[in-house]
Each structure stands twice: as structure tokens, then as C-alpha cells.
Amino acid sequence: MPELPEVETIASELRRSLVGGRVTRVHVLWSRTIAQPDAAVLADLLPGQVFTGVGRRGKYLLLGLDSGDTLIVHLRMTGRLELLPGDSPALANTHIRAWFELADGRNLAFTDQRKFGRIWLVGDVAQVIGKLGPEPLDWRFTPDDLAERIRPRRVAMKALLLDQTAVAGLGNIYADEALFLAGIHPLRIGVSLTDAEIGRLHDAIRQVLGEAIGERGTTLRDYRPAYGAEGAYQNRLRVYGQPDQPCPRCGAAIQRIRVAQRSTHFCPVCQPTRGETTS
DNA sequence: ATATCTGCCTGCTCGC
DNA sequence: TGCGAGCAGGCAGATA
């Protein structure tokens, strides 16, 4: 499940290898993968364009083109974006949804088992990513920014961290990890957080995402980086996917509940339902 | 307006 | 062994 650290890993890999590549031909096998414009229009517009840069905003990959347009890719659950040689057997993968031939013979391939992923070709990226909340690893992201997005909301903290307009880039795994590190119960609502708790949460979000990028992300089930070894952060998860295991901090059994239709993992001792811990 | 629910999708695991 | 139910979950769009 690609979240911010996984998308960042893919972006840095593609930045080294894709920039300078020129598209010569477009293949779309599942037209709904192309969110905008119509798949046939994209197939007409993209050939001839050169990739000039690779960026990331939240969980979106931003592939800049020399026309000034941007190819935006969201991997959602099972999407993969990778460069393949022209004779790669992976181009015959049944789950390949679109691929772009490059002038040097390589192919930029989008594979997506569950067809949730989407690709846009736009002149103005704000059309797609304009409503995203602050970028949590940006140095300009402050506890005050977080407070501004959380304080007005009477929603469970877990749901707030999954809301991409509150903070960009967190998914189910890192939301649970950040709340654990901050010592905040996932069912606490936004308005109830103290300044100290928001400060801890701000730091926890940045710590978890930074650690995970250092490990090239978390490989569970579907996600793996485009090249080389898989991510390794799955070995360092403190609560996500660890129900009934001892809490790494206090030893109590990790609990698993459902919040906002998502499986949610937390320590009932380190993340009390209300108020601060005294320890 | 905000909060919550449903649909999109496929493949794996579980219980009978 | 076979098979249906449940689950995984990001996000758009609908509903309350």
C-alpha cells in the first residue's frame, strides 16, 4: 500500500533514470486507468514529450514534461510504476494497465492488479492535488499548521490522519504508527487534543515518515520499490499489523479495532482514551 | 456546512 | 476439496 515513504522511494528512483526520456508511443489496456484526459487524447498528446523532472506531493507522483504539462500518477493500493527494457516479459503481465514506449527502447509501465490507480495529464496540477493538506516533511510544516487542521474537527484522530486535506501522505500504516509514537488514542477527536499532544503528533508524523523513507518504505503484500531490494520498514512497525503482540514500550497486548472503516492498531496503555499519561 | 457510508477492484484466507 | 464470505484500503461521490 504505497503511502508517502513508498511514493518518495519510487520518485527518487525514477528521478535518476527517467528524466530525459522521450515518449514515442502510448498503450492503454484499461482505459479507466486514465482519469484525464480521455485515454485516446492522452495517447495523442504524450508522444514527443520529454520527461524533465520527477516530484511527489502526498501520495501523488508528479512527472514533469517539456511541454509544461505534468503526468500525475496515483498508485492507490496495488499500482506499480517502473521502467522496463523493451524485451521485458513484465510487459506481458496480465495486470499491466498502461505503458509508454520511450525513444531509447525502455518502457514506463503502470501495473495495477486491482485497477484503483489513476493517471492524469494536466497543465495545472492544482486541478488534481489542489486540496491536499500540508506536506508533513516540509520544513515549513509546523505544529500550528497541524492544530489548524485538527482543532475544528469533531472526528476521530485516526480518520483525521487519513484525511489527505488535513495532512498529505499518511495511510493506514503510518497513521497508526504516528498515533502510537505520540501516545494518542485513535478514537480521540480533534477538538480534544492539547497543544502538547499536537506537538507530539507533529513530531511523531515526521519521525515515522523519515524512518520509513530511510528503509525504502514498507513492503506488505503488494508494494515494492521499482528497482532493487524491497522496503524494510515492515520489520520496524510498532503496532500496525501486530494485534495481540506486546507493545514495544510497555509490553501490554496491542489491540485491533475498526475506526472509519479501517483496521486500527494501538496500545491501550500507552494511548489512553483521554488525557495525558503521567509516565 | 461537516460527518459517515458505499462503490470501485482482485486475490488471498478462513470456516464450513 | 470446493466454495462463498470476509477482508485488505485510498479516494470519489453519495447520503445523512
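Being a predicted model, the structure only gives us computed values, none of them experimental. Letters A, B, ... mirror the listed sequences (proteins, then strands); counts begin at 1.
- Distance, A/Arg256 CZ to C/dA8 C1': 9 Å, rounded to whole Å.
- Atom C1' of nucleotide B/dA1 and atom CZ of A/Arg153 are separated by 12 Å, given to the nearest angstrom.
- Put simply, the residue from A/Asn107, A/Leu71, A/Leu63, A/Leu83 that forms a side chain to side chain contact (heavy atoms under 4.5 Å, CB included) with A/Phe100 is A/Leu71.
- No donor-acceptor pair closer than 3.5 Å links the side chain of A/Gln36 to the backbone N or O of A/Trp120.
- Nucleotide C/dC11 holds its C1' atom 14 Å from the CG atom of A/Leu75, rounded to whole Å.
- Salt bridge A/Asp112/A/Arg76: absent, no basic N to carboxylate O contact under 4.0 Å.
- With rounding to whole Å, A/Trp120 atom CH2 is found 7 Å from C/dA12 atom P.
- In this structure a side-chain-to-backbone donor-acceptor pair under 3.5 Å is present from A/Gln164 to A/Leu162.
- A salt bridge is absent between A/Arg238 and A/Asp176; no separation between the charged side-chain nitrogens and carboxylate oxygens falls under 4.0 Å.
- Classification of the A/Tyr233-A/Tyr174 ring pair by plane angle, with boundaries at 30° and 60°, yields tilted.
- Comparing atom distances between the A/Tyr60 side chain and each of C/dA8, C/dC11, B/dT4 picks out C/dC11 as nearest.
- Under a hydrophobic clustering in which Ile, Leu, Val, Met, Phe, Trp and Tyr are joined whenever their side-chain heavy atoms come within less than 4.5 Å, directly or via other members, A/Val23 and A/Val28 fall into the same cluster.
- Judged by distance alone, with hydrogens and angles left aside, the side-chain atoms of A/Arg258 form a donor-acceptor pair with the main-chain N or O of A/Gln261 at under 3.5 Å.
- By the 4.0 Å N-to-carboxylate-O rule, A/Glu197 lies close enough to A/Arg188 to be salt-bridged with it.
- What separates CD of A/Gln261 from P of B/dA3 is a distance of 15 Å, to the nearest Å.
- In this structure, A/Gln36 places its CD atom 12 Å from P of C/dA12, rounding to the nearest Å.
- A/Lys59 has no carboxylate O lying under 4.0 Å from a charged side-chain N of A/Glu3, or vice versa, which leaves the two without a salt bridge.
- Contacts between residues 164-172 of chain A and DNA chain C, defined by a heavy-atom separation under 4.0 Å, are made by A/Gln164, A/Gly171, A/Asn172.
- Taking atom CD1 of residue A/Ile189 and atom C1' of nucleotide B/dT4, one finds them 15 Å apart after rounding to whole Å.
- In terms of phosphate contacts, A/Lys59 brings a side-chain nitrogen or oxygen within less than 4.0 Å of OP1 or OP2 of C/dC11.
- With rounding to whole Å, A/Leu162 atom CG is found 14 Å from B/dC5 atom P.
- Under the salt bridge (charged side-chain N to carboxylate O under 4.0 Å, His left out) test applied with A/Glu135, the options A/Arg140, A/Arg56, A/Arg206 reduce to a single match, A/Arg56.
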List, with names and distances, any nitrogen or oxygen atoms from the protein found under 3.5 Å away from nitrogen or oxygen atoms belonging to nucleotides 14-16 of chain C.
none

Can you check each nucleotide of nucleotides 7-13 of chain B against protein heavy atoms at under 4.0 Å and return B for base, S for sugar-phosphate only, - for none, in 5' to 3' order? -BBBS--
